[in-house]
Colleague: 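Supplied in structure tokens, the structure appears directly below.
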Amino acid sequence: MEAISSRNLSPGTGEPLAARETLAQIEPLGPGEPLAPAELLAATEPPAPAGRAAADEPHAAAEHNVARLFEMTSDLLATISLDGRFTLVNPAWERLLGWTPEELLARPMQEFMHPDDVRETLEAMLANTGGNAQLEDLTNRYRHKDGSWHWLAWSARCDGDTWYAAARDVTDRVSLERQALHDPLTRLPNRLLLMDRARQALTRVHRSNGAVAMLFVDLDKFKAVNDNLGHDVGDQLLVAIAGRLNALMRDSDTVARLGGDEFVILAEDIDGEQEAVALGARVIDALEDPIPVGNAEVSMLASVGVAVSRDPEADPEAMLREADLAMYRAKSQGGRRPELFDERLRRELSTHVELESRLRDALPRKELWLAYQPILPLAGGTAVGVEALVRWRLEGSDRLDEAMVLPSTFLPRAEDSDLIVQIGNWVLHSACAQAEVWRRHGIAIPISVNVSARELTELDLAERVREELAYCRLPGRALCIEVSEDAVARDPERAREALKDVKRLGVSIALDKFGSGQYSLGLPSNLPLDVLKLDPLLVSSFDRDKERRAMFAATIALAKERALTAVAVGIETNRQLALARELDCAVGQGFLLHSPASPERLRLKEPSRSVTSAPWRPLVRLSGAQRR
């Protein structure tokens with residue numbers, strides 16, 4: 001080996017001495033920085049001529065100290081030939097990896113390296129073999145003698161004939177980094193790592209004629225797996241799906257999990273939109289093939305949104321939003337299909353962004369207000385409750401049809417952002433304040449407030465309710481919290497616990513839009529309910545649809561069996577009113593009975609209404625889309 005100087009040769013035979021035999025009488029050193037390649041190179045330089053021995057005593061002492069450092073340092077030091085073989089290693093290698101110096105020198109170094117790291121390491125070495133060539137921040141994995149793997153971070157210098165390298169064990173650091181950048185269940189990259197890789201992929205676009213695609217994969221009906229087979233099986237299924245998606249993709253692509261049942265695929269250097277959509281179709285087909293999970297086989301249906309870009313300056317977060325929006329369009333059209341983010345969706349997204357921007361200013365500008373709709377006995381009499389309904393009127397518009405923004409337009413946008421929390425807090429506070437005003441005037445009527453899925457499962461709803469009741473000096477019975485079937489279905493366990501906490505405050509709980517979702521006639525017995533509000537779509541068609549009429553009757557019977565108050569929501573015609581009475585529903589809500597109005601225009605007591613009389617007309621007639 002050229003790097004071994006004459007002072008390391010046996011005087012009798014001229015053969016090289018072992019590294020340990022050249023380093024005698026070594027005293028321990030404290031921990032320090034890794035030995036730099038230059039220091040390792042200096043340690044092997046030829047000695048001065050014998051006549052200069054006295055003058056070189058300081059040099060000899062320095063060499064001795066370097067030798068001691070070589071022996072005692074915890075960093076891994078080595079010389080490596082250009083063909084990738086160790087020619088000298090220090091004892092730290094054996095202490096860390098269990099291999100003796102003789103074992104390391106006897107085999108090419110790639111045999112100790114992780115197979116996935118060999119190519120990158122050798123290519124980096126071959127690309128830097130000239131004089132004074134350097135490698136910095138190269139990281140790879142080396143195998144311990146027991147079969148485990150250690151991550152090493154390298155710094156190396158080449159003099160044209162030999163590499164002089166120093167490495168440090170960074171396994172713990174890499175493990176922490178991987179935990180921060182990977183999903184703990186599936187071990188897939190998380191959103192943070194996905195965005196970093198997307199930025200890198202986009203910067204490489206200009207080097208080729210290819211494009212970057214982002215595919216947002218949402219599993220349809222995944223909740224049914226958790227409900228029917230249990231969360232453990234659901235977790236196993238997610239891990240299996242992660243493996244199947246990885247097997248479908250190239251090594252250069254990234255499969256990430258955002259959480260829940262949402263995955264994202266990042267594919268780079270593709271031909272364009274057509275190839276990306278075809279990839280989405282292959283993903284859907286792959287997930288439909290039965291997946292063995294425990295003792296069962298599960299086929300998953302998926303909706304896939306696709307966003308494609310050839311712009312190196314594109315924003316990965318914007319691409320993810322585009323793919324997400326395309327996925328929702330695929331889902332709205334029945335699922336089981338890939339959908340491309342196109343110009344029409346781009347216009348919709350632009351509208352949504354503008355709407356969200358204006359909505360953020362709506363509360364400070366006092367553009368939001370509450371209308372109240374009484375919940376009345378169908379036989380006539382005093383209202384049994386009032387529902388608070390949020391409305392938005394744009395500032396600066398004189399025409400009512402231009403100024404009013406429909407709840408069905410702005411509430412979904414609010415629920416997709418943090419705005420729903422701000423609006424929800426304002427609605428709860430304003431409704432409680434109105435209830436306190438009414439009670440001071442002798443009107444003790446409960447106010448119903450709608451709560452979104454995010455407020456129900458992500459925030460401490462009971463604490464917010466308790467604070468508002470205390471601030472307005474209201475008893476719990478003055479308030480009713482309404483939640484929809486969909487809100488409960490997103491996280492049934494957390495929703496149930498949140499509602500139980502609210503119920504302990506004396507507040508009533510209503511399940512809204514019942515009859516259209518997954519519960520239908522299978523009302524869960526462990527929800528702490530007081531009121532069952534039938535879905536308006538069920539009420540609007542039960543006068544002409546026998547099946548809907550039978551479902552309505554069964555729901556009323558179910559409510560009576562559970563001692564719940566059933567409310568027919570959306571009564572707009574005399575025919576609907578007559579049928580609701582005939583089917584033994586006692587309480588209703590709708591435009592025929594009373595339209596939503598400001599507090600001063602409410603009539604909280606209605607006379608008995610003949611079903612043959614002309615329908616009552618609201619003071620302000622709104623289009624069907626504006627109705628609740």
Side-chain angles (χ1 to χ4, degrees), residues 1-5 8 16 19 33-46 66 69-71 73-145 147-171 173-175 177-178 197 200-201 203-204 207-208 250-252 269:
M1 181 182 67
E2 298 179 13
I4 299 179
S5 66
N8 291 332
E33 294 299 319
L35 185 63
E39 294 171 317
L40 180 60
L41 182 61
T44 61
E45 290 178 351
V66 170
L69 182 61
F70 182 84
E71 181 79 16
T73 181
S74 61
D75 292 300
L76 286 71
L77 308 178
T79 59
I80 305 169
S81 64
L82 296 183
D83 61 354
R85 302 182 74 96
F86 291 113
T87 53
L88 181 67
V89 294
N90 71 333
W93 284 87
E94 184 173 2
R95 291 195 295 267
L96 179 67
L97 298 178
W99 303 102
T100 66
E102 292 76 17
E103 290 172 319
L104 290 167
L105 270 58
R107 297 153 64 182
M109 67 177 190
Q110 56 261 38
E111 292 190 16
F112 302 96
M113 219 181 297
H114 194 286
D116 293 346
D117 300 334
V118 171
R119 181 176 178 179
E120 180 182 356
T121 301
L122 295 183
E123 285 180 349
M125 292 178 65
L126 290 173
N128 296 274
T129 54
N132 296 319
Q134 296 186 46
L135 284 178
E136 299 292 341
D137 300 323
L138 175 67
T139 305
N140 56 21
R141 286 161 287 183
Y142 269 71
R143 181 165 51 90
H144 191 282
K145 202 169 186 177
S148 61
W149 295 96
H150 285 255
W151 283 92
L152 304 182
W154 292 81
S155 176
R157 173 181 163 186
C158 183
D159 65 0
D161 296 312
T162 301
W163 280 100
Y164 301 87
R168 169 163 288 185
D169 181 21
V170 292
T171 304
R173 187 195 76 191
V174 171
S175 177
E177 289 175 350
R178 289 183 66 82
R197 291 186 179 177
Q200 295 179 37
T203 60
R204 291 190 287 267
R207 302 177 191 173
S208 67
R250 302 167 300 179
D251 291 342
S252 59
D269 196 23

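Here the structure is a predicted model, which means the values were calculated and not measured.
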Colleague: Can you name the closest pair of heavy atoms from L82 and D161 and give their distance?
Modeller: CG-O, 3.3 Å
Colleague: From D137 CG over to S155 OG, what is the distance, rounded to the nearest 0.5 angstrom?
Modeller: 8.0 Å
Colleague: Checking R119 now: which residues fulfil side chain to side chain contact (heavy atoms under 4.5 Å, CB included) with it, not counting sequence neighbours?
Modeller: E123
Colleague: Please check: side-chain N/O of D75 versus main-chain N/O of A166, any donor-acceptor pairing under 3.5 Å?
Modeller: no
Colleague: Hey, can you tell me if Y142 and F86 have their rings parallel, tilted or perpendicular (30° and 60° cut-offs)?
Modeller: tilted
Colleague: Measure the spacing between CG of L104 and OG1 of T87 and express it to the nearest 0.5 Å.
Modeller: 11.5 Å
Colleague: If I compare all heavy atoms of D169 with all of W151, which pair ends up nearest, and what's the gap?
Modeller: OD1-O, 3.2 Å
Colleague: Answer whether the closest heavy-atom distance between the side chains of L122 and M109 falls below 4.5 Å.
Modeller: yes
Colleague: Is the number of heavy atoms from other residues, nucleotides or ligands within 6.0 Å of CD (E111) greater than 12?
Modeller: yes
Colleague: What's the spacing between E71 CD and T73 OG1 if we round to 0.5 Å?
Modeller: 11.0 Å
Colleague: My understanding is that only residues two or more places apart in sequence, or in another chain, count here; which of them pass side chain to side chain contact (heavy atoms under 4.5 Å, CB included) with R204?
Modeller: Q200, A201, R207, E268
Colleague: Is it the case that the side chain of W93 and the backbone of L77 share a donor-acceptor pair, with hydrogens and angles ignored and the cut-off at 3.5 Å?
Modeller: yes
Colleague: Could I get the full list of side chain to side chain contact (heavy atoms under 4.5 Å, CB included) partners for T203, not counting sequence neighbours?
Modeller: none
Colleague: Partners of D83 by side chain to side chain contact (heavy atoms under 4.5 Å, CB included), sequence neighbours excluded?
Modeller: S81, R85
Colleague: Report yes if some heavy atom in the side chain of R173 is under 4.5 Å from a heavy atom in the side chain of R168; otherwise report no.
Modeller: no
Colleague: Only counting residues at least two apart or in another chain, list the ones meeting side chain to side chain donor-acceptor pair (under 3.5 Å) with H114.
Modeller: none
Colleague: Could you work out, with salt bridge (charged side-chain N to carboxylate O under 4.0 Å, His left out) as the rule, every residue matching R141, not counting sequence neighbours?
Modeller: D117
Colleague: Take L135 and W163 through the side-chain contact (heavy atoms from CB on, under 4.5 Å) test and state the conclusion after the steps.
Modeller: CA-CA 10 Å; L135 284 178; W163 280 100; 3.9 Å; yes
Colleague: Which residues pass the side chain to side chain donor-acceptor pair (under 3.5 Å) test with N140, sequence neighbours left out?
Modeller: T121, W154
Colleague: Measure across L76 and L152 and return the closest heavy-atom pair with its distance rounded to 0.1 Å.
Modeller: CD2-CD1, 4.2 Å
Colleague: Which residues pass the side chain to side chain donor-acceptor pair (under 3.5 Å) test with R250, not counting sequence neighbours?
Modeller: D253
Colleague: Tell me every residue that passes side chain to side chain donor-acceptor pair (under 3.5 Å) with E103, counting only those two or more places apart in sequence or in another chain.
Modeller: T100, K145
Colleague: Short question: side chain of W149, backbone of T171 - any donor-acceptor pair under 3.5 Å?
Modeller: no
Colleague: Specify the closest pair of heavy atoms between Q110 and G84, including all atoms of both residues, with the distance to one decimal.
Modeller: OE1-O, 3.6 Å
Colleague: Minimum heavy-atom separation for H144 to L96, with atom names?
Modeller: CD2-O, 3.0 Å
Colleague: For a quick test of reading the model, state the closest non-hydrogen atom pair linking A92 to S74 and the distance between them.
Modeller: CB-O, 3.7 Å
